[in-house]
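Just so you know, ligand 1 is whichever comes first in the structure, and atom 1 is the first atom listed for that ligand. Keep in mind that the numbers below use all heavy atoms, side chains included, and drop hydrogens, waters and symmetry copies.
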Amino acid sequence: MRLVVAMTGASGAVLGIRLLERLRDVPSVETHLVMSRWARQTIRLEANRTASEVASLADHVYHPEDQAAPISSGSFLTDGMVVVPCSMKTLAGIRAGYSDGLITRAADVTLKERRKLVLVVRETPLSEIHLENMLSLARMGVSILPPVPAFYAMPSTIEDVVDNIVARALDQFGVAVPETPRWAGAGAALSLAEQASIY
Ligand SMILES: Cc1cc2nc3c(=O)[nH]c(=O)nc-3n(C[C@H](O)[C@H](O)[C@H](O)COP(=O)(O)O)c2cc1C
């Protein structure tokens with residue numbers, strides 16, 4: 001499997017880093033990484049890591065303005081692309097098909113080739129512009145996957161929250177992360193009588 005991984009300047013650099021760490025442990029997945037100029041900043045500001053350290057987690061790395069990179073062409077076969085985290089600016093660029101850099105170009109290619117595109121969009125609160133852009137892309141088959149914690153998994157640390165979000169993003173490509181907590185129903189935890197007593 002070949003995956004394009006893009007990191008942009010939205011908050012949540014740790015999400016992209018963790019996803020790359022996970023994929024590094026999956027030899028069957030080849031990663032092609034692009035970090036935007038502002039991703040390099042958030043990596044430094046939020047995760048206290050350098051862009052070079054993050055780049056070392058990927059199999060291939062491209063400059064965000066290298067429109068001649070392999071992932072800029074649909075003839076270069078991939079199994080899809082994830083933008084993690086995805087800024088509202090990049091979301092808007094993808095929605096409009098405005099391929100001014102390699103990230104929006106690679107996403108445009110992913111769309112035109114009808115490949116899987118997952119956007120881990122991060123902003124709050126969301127404006128009508130953000131919501132319209134997301135809806136429009138969702139209607140084209142894009143997975144809009146905001147990094148929302150799964151409280152039912154009872155996370156005790158931020159790492160738990162991050163791991164869960166990353167696992168959900170990788171689920172979209174059929175890459176299962178071992179030891180991911182998965183809801184299997186409340187089971188026998190609540191008897192029918194106990195459930196009835198709640199109401
Ligand atoms: C610390 C930091 C946090 C940011 N968080 C967000 C965010 O959560 N969502 C967002 O859309 N933009 C956020 N921004 C602004 C983006 O970095 C900015 O819009 C940038 O132009 C995005 O460009 P890019 O998509 O090419 O990386 C943040 C910027 C900084 C410095």
Arg168, CZ atom: more than 12 neighbouring heavy atoms under 6.0 Å: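 Incorrect, the count does not exceed 12.
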Between Arg105 and Tyr98, is NZ or CZ placed under 6.0 angstrom from the six-membered ring centre and within 45° of the ring axis?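 Because its charged atom misses either the 6.0 Å distance or the 45° angle limit, Arg105 does not stack over Tyr98.
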So which heavy atom on Pro85 is nearest to which on Ser11, and how close?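 Here Pro85 and Ser11 meet closest at CB-O, 3.5 Å.
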Is Leu45 isolated, or which residues cluster with it under the ILVMFWY side-chain rule of less than 4.5 Å, directly or via members?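 For Leu45, no cluster forms, as it stays isolated from other hydrophobic side chains.
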Taking NZ, NE, NH1 and NH2 as the nitrogens, is one of them in Glu21 or Arg49 under 4.0 Å from a carboxylate oxygen of the other?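 Yes, charged N to carboxylate O under 4.0 Å.
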Which protein residues have a heavy atom closer than 4.0 Å to any atom of ligand 1, listed by chain and number?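 Heavy-atom contacts below 4.0 Å: Thr8, Gly9, Ala10, Ser11, Ser36, Trp38, Thr42, Ser87, Met88, Lys89, Thr90, Arg122, Glu123.
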Side-chain donor/acceptor of Ser87 to backbone N/O of Thr8, under 3.5 Å: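 No.
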